[in-house]
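Below, read A as the first sequence line, B as the second, and so on, with proteins coming before strands; counting in each chain starts at 1.
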There are 2 protein chains.
Amino acid sequence: MTFAEFQKHIRTSQKDFYRETLANHRDVIRVKKEGKVLVNLEKIFGATLKLSNQKGFAAMSMRDLSRETGLSMGALYSYFNSKDEILSMLQEQQRAFTKKFLEEAIEGEQAPRKKLGAAVRAHLYLSEVMQAWFYFSYMEAKNLPDAEKSSAVKSERFTERLFTDILESGRECGEFHQVDCRLTASCLKAMLQDWYLKRGKYASRGVTVERYAQFLLEMIESFVGRQSYENSG
Amino acid sequence: MTFAEFQKHIRTSQKDFYRETLANHRDVIRVKKEGKVLVNLEKIFGATLKLSNQKGFAAMSMRDLSRETGLSMGALYSYFNSKDEILSMLQEQQRAFTKKFLEEAIEGEQAPRKKLGAAVRAHLYLSEVMQAWFYFSYMEAKNLPDAEKSSAVKSERFTERLFTDILESGRECGEFHQVDCRLTASCLKAMLQDWYLKRGKYASRGVTVERYAQFLLEMIESFVGRQSYENSG
DNA sequence: GTCTATATACGGATAGAC
DNA sequence: GTCTATCCGTATATAGAC
């Protein structure tokens, strides 16, 4: 899947996730009309990501958020009970998103090499479209309440496990070299994360997401692969 | 240099940097006796790192800091003029530290392969000893005032440039393959950063800093090298 | 030099009008 | 549903005693 295809695919699903967020928090959201809620949730989430990524969630005041969204303090508080709840809602959406698209991306593929390519591309494309979200999630993870924090760690481990499994299956069927799969997956993940953590750097250097994907796959391939990598893209 | 050697080396230099911090801020530090200042600066910096890394610098209150250091609010404010100034002082020290030890580590080496090994090890060892500091610097970078932020970016670029230069010199003398050196250096840096950003993960898996260094060098070597990597100690 | 006590401002959250 | 006005806790920073 190319980035353009992926982008189109994801834009259409985005509304569904806001609907799900609404469903999960129907008890605290006091506004009745669904259309209204979806529009305002998107405003609130967008503004939260923007402001938090500039100066951190803790430093963002509710008055800042009010100004940025154009909603009054009172109006804001009819969508959640506390500032921290915004954090939880955002995290919840992000986790669902990531899980869905990563699993979807690899489910068609059988060969480890192809699976790896699909998973790496899916992760990069996803974090490209949702950059603000991924950045936020990474930077604010330690500020989450305990319950949320353990969910976040679980989600991290899920992603890493996914890559480890692909590498291990490749090793077992002889397609890949004998390497430490878990450590390799861990390093791969670090490089995937760098894409959304330092996006400004890559943008200013004119590195596209597809170029970065290709580069990562070449590097991993040179390390684990028995033959040169072919672009499955 | 092994990690044990490095650790010993660095501990002895640490005091010098507190002395330098004092010298740079003599005008705002109202306490006269040098010994007193050095002890308390270390307390303040240590506590700031501990508390900030738990819940973020913005969420750390001066009362928290007072409790943690055992100094009263009034006493604290005789070492700086504002909370933000603690941030600046920490950043300043960290930058000086990193620059010194990275340059020192590679200055003896000539061959690109050896230089790379020395630089990678130095960076990992440094971030191992100063983990709290590196973590803090990464996480709080965006909260710095503008002047400090540009210094931080400059320092980041310096480090990356150092690795890029090593890779390029290796390519020029035919020791390394034709690869995109800047992108390779960027990815290498991402993996180096992961070591201090996810230290808990690596600790719980029993990965030592020397093992991680060796692993990174093997991976980079398989990508850029024409021959297998030899452990340079 | 360090303490306690306090000035002053800003934060999150809510009540009640419209 | 959304607004304005306000409560009240907590934050940073400082004054002044010892």
Practice task
Looking at every strand, decide which applies to Asp84(B) at a 4.0 Å heavy-atom threshold: base, sugar-phosphate, or nothing.
Solution key: nothing

Problem - Test applied, ring pair (Phe, Tyr, Trp, His ring centres under 6.0 Å); reference residue, Tyr212(A); option that passes from Phe3(A), Trp195(A), Tyr125(A) - result: Trp195(A)

Fill in the blank from the handout: Tyr79(B) atom OH is separated from dA13(D) atom P, nearest whole Å, by 18 Å

Exercise for the section: Measure from CE on Met62(B) to C1' on dA9(C) and round the result to the nearest Å. Expected result: 16 Å

Practice task
Take atom OH of Tyr77(B) and atom P of dA7(C), then tell me their distance rounded to the nearest Å.
Solution key: 17 Å

Exercise for the section: Could you state the atom-to-atom distance from CG of Leu76(A) to C1' of dG1(D) in whole Å? Expected result: 12 Å

Practice task
Check whether the side chains of Glu92(B) and His25(B) place a donor and an acceptor atom closer than 3.5 Å, and report yes or no.
Solution key: yes

Exercise for the section: Whole angstrom is fine here: how far is it from CG in Asn40(A) over to C1' in dT2(D)? Expected result: 10 Å

Handout entry: Whole-Å gap separating C1' (dT2(C)) and CZ (Phe80(B))
Key = 14 Å

Handout entry: N-O pairing of Arg182(B) and Glu160(B) below 4.0 Å
Key = no

Fill in the blank from the handout: Which of dA13(C), dG1(C), dT2(D) is nearest the side chain of Lys32(B)? It is dG1(C)

Exercise for the section: Mind calculating the distance between NZ (Lys36(A)) and C1' (dC3(D)) to the nearest angstrom? Expected result: 13 Å

Completion exercise
Of dA13(D), dG1(C), dC3(D), the nucleotide closest to the side chain of Met73(B) is dA13(D)

Problem - cation_pi(Lys189(A), Phe163(A)) dist<6.0 Å, angle<=45 - result: no

Handout entry: Base of dT12(D) paired with side chain of Arg63(B) (donor-acceptor, under 3.5 Å)
Key = yes

Fill in the blank from the handout: Of the candidates dG1(C), dT2(D), dG12(C), the side chain of Ala75(A) sits closest to dT2(D)

Fill in the blank from the handout: Rounded to whole Å, the CE-P distance (Met60(A) to dG12(C)) equals 8 Å

Fill in the blank from the handout: Given the options Tyr196(A), Phe101(A), Trp133(A), Leu126(A) meets side chain to side chain contact (heavy atoms under 4.5 Å, CB included) only with Phe101(A)

Practice task
Look at all strands and tell whether Ser72(B) reaches a base, only sugar-phosphate, or nothing, counting heavy atoms closer than 4.0 Å.
Solution key: base

